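Beneath this line is the structure, given in C-alpha cells, with notes to follow.
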Amino acid sequence: MQEFDFSIIEAEARKKWADNDVYKVNIDTSKPKYYVLDMFPYPSGAGLHVGHPLGYIASDIFSRYKRLKGFNVLHPMGFDAFGLPAEQYAIQTGQHPAKTTIENIATYKRQLDKIGFSYDWSREVVTSEPEYYRWTQWIFIQLFNSWYDKSAEKARNISELTAIFAQSGNTDLQAACDEKTAEFTAEEWTSFSEKQQQEILMQYRLAYQSYALVNWCPALGTVLANDEIVNGVSERGGHPVERKKMSQWFLRITAYAERLLQGLDTLDWSDSMKEMQRNWIGKSIGAMVSFPLEGHNADVEVFTTRVDTIFGVSFLVIAPEHDLVSQITTPEYAEAVDAYKKVCAAKSDIERQQEKVVSGQFTGAYVTNPLNGAKVPVFIADYVLAGYGTGAVMAVPSGDQRDFSFARKFDLPIIQILDAQKNTEEEADPTKDGKYVNSDFINGMTYSEAVPAVIAELEKLGKGYGKVNFRMRDAGFSRQRYWGEPFPVYYDQDGIVRVLDETELPLTLPTVEDFKPTADGRSPLANAPEWVNALGDGKTRETDTMPAFAGSSWYFLRYMDPKNEEAFVGQEAQAYWQDVDLYIGGTEHAVGHLLYSRFWHKFFKDNNWVSTEEPFKKLVNQGMIQGRSNFIYKAVVINNVTPKDVKSKSHLKHNIHSPIVAISKNVYLKLKKLSNQELSSLTQEEELEYKEILHKISEVESNINEFYKTHDIAHQGTYSVPNFPENYIRTHIDVNVVDNDKININKLLAKKNKLDNYFFITDSEGNIECDWEVEKMSKSKFNVVNPDDMIAQYGADTFRMFEMFLGPIEAHKPWDTNGIEGVSKFVRKVWRLYNFDEAGNPTVKEEASKDELKVLHKAIKKVTDDIERFSFNTAVSALMIAVNDFGKLTPLSRTTLETIPVLMAPLAPFIAEALWTRMGKEGTVFDAAFPLFDEKNLVEDNVLYPVSINGKVRVKLEVSASLNSKEVEELVLGEADVQKWLEGKSPKKVIVVPGRIVNIVL
RNA sequence: GCGGAAGUGGCGGAAUCGGUAGACGCGCACGACUCAAACUCGUGUACUACGGUGUGAGGGUUCGAGUCCCUCCUUCCGCACCA
C-alpha cells in the first residue's frame, strides 16, 4: 500500500502547476469574470504570522471554487511597500528601505507559496516601485487639475473652472472649495495677478495645499492623519502627538461626502462596516446660527444639531484657537484668556483628551440671542474643537451634559426647554419628547414642529439657516518622510506650485545620505539638495512625500492591467474586470483605506476611467487571529488605607465615593479609575484621599522584590514556588489595596534585567497564579506564531483546513493548535479511501451503492452551500463527515473517487491534485467542473419523526416518506408508544411539520 | 457616553426559514492491535438526585424559542469633549 506523504504530493503538484502556468489568467470573454481580492500586506521585517493567512486562505478557497464553477477568476497579490517601519529600520541601521523591502517581499512570497495560493504572480504590484508609483503620481496630477462641480455632482477639469471665472466670476458657482473663499466677478478675476489666480484655484483643486492645524508628532518628525492616531498617540510607535500649523497637501474628500454616504447603500458589506463609515462621514442635519457680538460689528457663527433648543442657551463656548478670541476679549480678561490659551496650547492632544475636569475662561464678551435678544456670555474652553463645525458652540445646559457641567462650574443659568425633561437641576436630559416651555413662539410645539419654525424665523431675520454638516475632514496628504511617493510638483521662482508634465513621470525617489527628517521638521528629501534643485532656474521640488494610503487607494485597478505603460489601467482590461467582486480583509481598514479607495474610484468614474461607481461590491472581514499571552498578577499593597463599602462590584459601581473596587479575579482589589463625571463630583476631601492613594501606589510600587533573579517561572498554569518567602504578599480580601496589574510572562523572560521588584499574588500554598489572556498577535506582545513550522510538520492542506476549522471567518479567535491533529488525521483518512497499491493504483469498485451516492451527494450539497456562504469551518466538517461515512463503504466507485478531489480542491489543493493524477485524469483538477448534486440521491424512503407531546420529545417513529401530513398524524396517534403518553386523553391539537417533527398538544 | 458584534459542554465551535440543542474536531475514559509505546481502529462523553434540568439573567409571543419581542448583565471591537 502506498503511504500518504504530503511532501511528495506537494512537490508533485507544485511542479505540475508551475510547468503548466495553471494560475495565469487572461481576459477571456467566453467566461464570466470574477475578481477576488485580498487586502495586500505591508511586508514587515517580522514576516508572515498565522493571522495573515486566515483571509488569504478564505479568498483562495473562494477563487478556486469560482474557477471550478466556470468563472474566469482574477486572484492577484502584491505589496503595500511604502511605509514607516522600513524607514525607521533604515534610520537605525543605514540599510536602504528599498533593499530591506525587497528582502521582506521575498520572505513573504516564500511563506505565501508554502501555503499554496492560486495567485497569478505575473500581475504582482509593489507600490514602492517606480513603474507603479509613476501612476500614483499621475493620479495626483489629475486630482490637482480637477475641481468638484456640486451642481453636476462630479469632478471637472480645472481649465473649465478658469473659463467659468473669466466669464462670470465665482458668485453663482456651486463648487466644493475652502470655507474662506471670497467672492469675485469676472472682471476682478482677469485683473488678478497669476499668483493671485493660482491662490484662488488652490481653494478649489481636489488636491490642494493649505495651512492647517495638523497632528504633529515630534518623535516621528511627521504629521499624522486622523486615522493614524490611536488613543491620542501615533499608531506606529505610540508617540505623543501635538498640534502644529503647517503647510500641507490635502485631498478634498469632503467634496464626495454625500456620494460616499449614498454609495454605501449599494454595497454588500456588513452593516457594522457601513455604520463605521457612516459615523466617520458623520452627516448631521442642523442649522447655522449667527449670534451678534455686543459692541462689535460681527457675529459668532455656530453650528448646532439642536436648533430647537435655542431658547435654552445660557452661554456660548468657542475654541481657544478661534480667530475671534483675540478680538473679542475685553482688557480685564485678556490676561486670563491668554493664560488659558497657553495652557491649552501646551497640552498635547492626549493630555487634552485625558483632562477630566471641566475648564474654561470667560472672555468678557457677550453676544445676543438673535431670537429673544438675551445677553449671552462668551467663554473659551478646550472641549470645543477648532476643526469641527465653526469652532463655536451654543451651550444648552439643560440638554447637554458637558454644557450642564460647565454651567454648574461657572454658575450659569440652566433653563428647562421641554416639559418632558426630567430633573434638570441634577443633570442634563437631551430628550426630544414633550412640548416646549420657556421658549417664546415655539412654546407648546413638539420637536418636529419646532425645528422648521425656528429655522424659518432665523432665515427671516437673516440670522441663520438650515445646514448639512459633515464630520469628515479633508484628508491630509503630506508626510515629512523619505519612504513614500515624491510629489510630482515644483515651486517656481514666484513660489507658485506647478505640476510636472506627465512625460516626466515617474519622478523617482533620490538616494539620500540621511533618512532622518531635518532638524526643522522637513522631510529627509531636503537632505538631497541636488535633487531638490535639479530643475534649475530657482525651481525647487516638493520635499514632502505621499502617505501610505496613496498607493493602496488604486492598486486593485493595476492588477487588471499591471504592465500597461500608456495608462494606469487600460480601457479593455477595465471594461472586462470592472470591479472587485469579493474583497477580503480586516476591519482595521474600515475608515481609512476603504474610504480613500472609494473616493478615488468615484473620481476615476467622473473621468470615465473606470466603469463602476464603487470599487468593492462585496466585502468580507476576516477576524483577527489573536495570540495567547501568559500573565502573572502583580500585587501592590498599600497600608493604612481601608477600602470603604467594598461589598460587591455592582454596589461599588454606583458608589462614586469609594475609589476602591473589587474586581472579577475573586479577591483582588483595585483602585477604580474615576470617570470625568465622578471626579468632578468629588468633594475636596475625597479628591485629596484619591490622590493620596494614587501616590501611595507609586510609592510602594517602587519598593519591589527580586523574585525572578532567584526563580525560574513556567509559562503557564499555577506555578509552585518552593519555600515561598514570608514577606511576599498573600492576597486576602482584607489586604488594603491591591493593584491587579498583570505582567506578560514572555515579556518578563525576555527582559529579565527589568524584573527588579514585584510582589506576586499567590494562593495560600505559595503558588503563583498564572493566567492567560487573548490579545492581538504582535511582536511587541511576544506571542507571535509563525506558520512555517506548522506547514513543515503537517503540510499545507492540513494547515489551510485547520485555519478554516478554527471557527467562522469573521470571528476573532485565539490561536490554539489543539485540534490540528484532527485535521491531519482527516487528510490521511481521505488518502486511505483510495487504498493505493504499491504501483499507486487505487482500489475501485464497479458501481456505486445507493448509500455511497447518498453520502457523496449530501457532501456536495453541503460543501457547495457552505462555500457560497463563506462558512468554511462547516465545509471542512462536512467533508470530515463524508470521509467518515465513506470509510465504512470502501472500496468506492470510480465516480466517487474522481469526484472527491474536485470537491476538496478549493480547500485542499495539493491532495486534490495528487488524487486527480492518480485517478488517471488528464490536466489539472482546477480545469474540472465542480460537481453538482442530484436531489434524487438524497431522497429517503423513510423519515424518522420525533414525536413531542406538549413540547417534549417522547417517542421517535420511522414513517414512510410518501405519507402526507394527515396520514402521518393518524399513524402516529395509532402507535402504542404514543398512546401510552397520551394517558387516555384526546389531543387538543396535532401539528405535523412534514419531514421534521410531530407535536401533540394535550 | 455613542455605535457595532457576541455570550451555547472541559475547549474550538454546529444548529442556513421558529421544528430532535451540542454536528464536526480537540480533550478525556474504556476497549482492540502491540512485549511495550506511538500510530490506527472501536465505544462512550452537556448536567442529573434518573423525576427531570439545560443555549448570560428575567419576562413575553408561539403547539414549539439558542433563533422573534421587551428589560437587564457581561465581554470584545470601533468612535468620541463631534456641538
Side-chain angles (χ1 to χ4, degrees), chain A residues 226-227 230-231 270-276 278-280 282 284 286 302-306 309 317 352-356 358 381-385 387-396 399-403 405-406 430 469-471 587-588 590-591 621 623-624 626 649-650 664 675-677 774 801-802 805-808 810-814 816-823 825-826 828-829 832 862 865-866 868-869 871 873-881 884 887 944-954 956 987-1002:
Chain A
N226 284 334
D227 54 314
V230 177
N231 298 328
S270 72
D271 289 340
S272 56
M273 201 57 135
K274 291 186 189 181
E275 200 56 33
M276 280 188 224
R278 281 193 197 103
N279 285 343
W280 186 264
S284 54
V302 160
F303 175 77
T304 176
T305 52
R306 285 299 300 274
T309 63
V317 187
R352 219 163 131 163
Q353 274 173 33
Q354 283 174 346
E355 188 56 72
K356 299 290 184 205
V358 176
D382 63 358
Y383 79 86
V384 173
L385 303 180
Y388 183 76
T390 61
V393 183
M394 61 178 222
V396 183
D400 182 284
Q401 191 56 48
R402 273 168 309 143
D403 295 347
S405 309
F406 199 92
N469 198 49
F470 290 96
R471 184 188 111 117
T587 47
E588 65 271 24
V591 287
N621 296 115
M624 207 164 19
Q626 296 151 315
K649 267 168 87 178
S650 59
S664 57
S675 72
N676 185 8
Q677 217 175 319
V774 165
M801 286 192 285
F802 173 63
F805 198 60
L806 282 174
E810 322 84 35
H812 297 281
K813 43 205 168 264
D816 187 350
T817 52
N818 289 339
I820 195 164
E821 290 292 347
V823 180
K825 233 183 264 181
F826 157 69
R828 279 173 277 155
K829 276 189 203 170
R832 228 177 297 135
K862 179 75 175 146
D865 277 5
D866 286 349
E868 291 275 359
R869 66 190 178 99
S871 178
N873 55 332
T874 53
V876 173
S877 147
L879 287 169
M880 286 175 169
I881 294 168
N884 286 344
L944 186 69
Y945 274 97
V947 178
S948 73
I949 289 147
N950 283 342
K952 286 192 171 52
V953 176
R954 300 296 191 185
K956 290 186 184 178
K988 274 192 198 136
K989 201 168 176 184
V990 179
I991 291 125
V992 179
V993 184
R996 306 222 69 138
I997 198 170
V998 178
N999 193 13
I1000 299 169
V1001 188
L1002 287 180

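Order of the sequence lines sets the chain letters (A, B, ...), proteins ahead of strands, with each chain counted from 1. Computed from heavy atoms alone, side chains included, the values below leave out hydrogens, waters and symmetry copies. Values in this document were obtained by computation on a predicted structure and should not be read as measured data.
- The partner of B:C2 is B:G78, judged by Watson-Crick or G-U wobble contacts that both fall below 3.5 Å.
- Listed nucleotides: B:A23, B:G25, B:U20. Nearest to the side chain of A:Arg996: B:U20.
- B:A57 and B:U71 make up a base pair, with Watson-Crick or G-U wobble contacts both under 3.5 Å.
- Going from atom CZ of A:Phe826 over to atom P of B:C41 covers 13 Å, rounded to whole Å.
- Nucleotides B:A14 and B:U61 place their P atoms 31 Å apart, quoted to the nearest Å.
- With both pairing distances under 3.5 Å, B:G31 is matched to B:C41 as a Watson-Crick or G-U wobble pair.
- Per the geometry, CD belonging to A:Glu821 stands 10 Å off C1' belonging to B:C26, to the nearest Å.
- Residue contacts shown for A:Asn999 include a base, since a base heavy atom lies under 4.0 Å away.
- The nearest whole Å value for the distance from the CD1 atom in A:Ile997 to the P atom in B:U62 is 19 Å.
- Counting any heavy atom pair closer than 4.0 Å across all strands shown, A:Val393 reaches a base atom.
- Spacing between B:C68 and B:C79 at atom P, rounded to whole Å, works out to 28 Å.
- We find that CG of A:Asn884 is positioned 13 Å from P of B:U40, with the value rounded to whole Å.
- In this structure, the CG atom of A:Asp865 is 16 Å from the C1' atom of B:A23, given to the nearest Å.
- Across all strands shown, B:G19 pairs with B:C63; the Watson-Crick or G-U wobble distances both stay below 3.5 Å.
- The shortest distance between the side-chain N/O atoms of A:Arg306 and the OP1/OP2 oxygens of B:A83 is not below 4.0 Å.
- Residue contacts shown for A:Arg278 are absent, as no nucleic acid heavy atom lies under 4.0 Å away.
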N/O to N/O distances under 3.5 Å, protein versus nucleotides 9-15 of chain B:
residue: B:G12; atom: O2'; partner: A:Leu806; partner atom: O; Å: 2.6
residue: B:G13; atom: O3'; partner: A:Asn873; partner atom: ND2; Å: 3.4
residue: B:A14; atom: OP1; partner: A:Asn873; partner atom: ND2; Å: 3.0
residue: B:A15; atom: OP1; partner: A:Arg869; partner atom: NH2; Å: 3.2

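- Atom NZ of A:Lys825 and atom P of B:G42 are 10 Å apart (whole Å).
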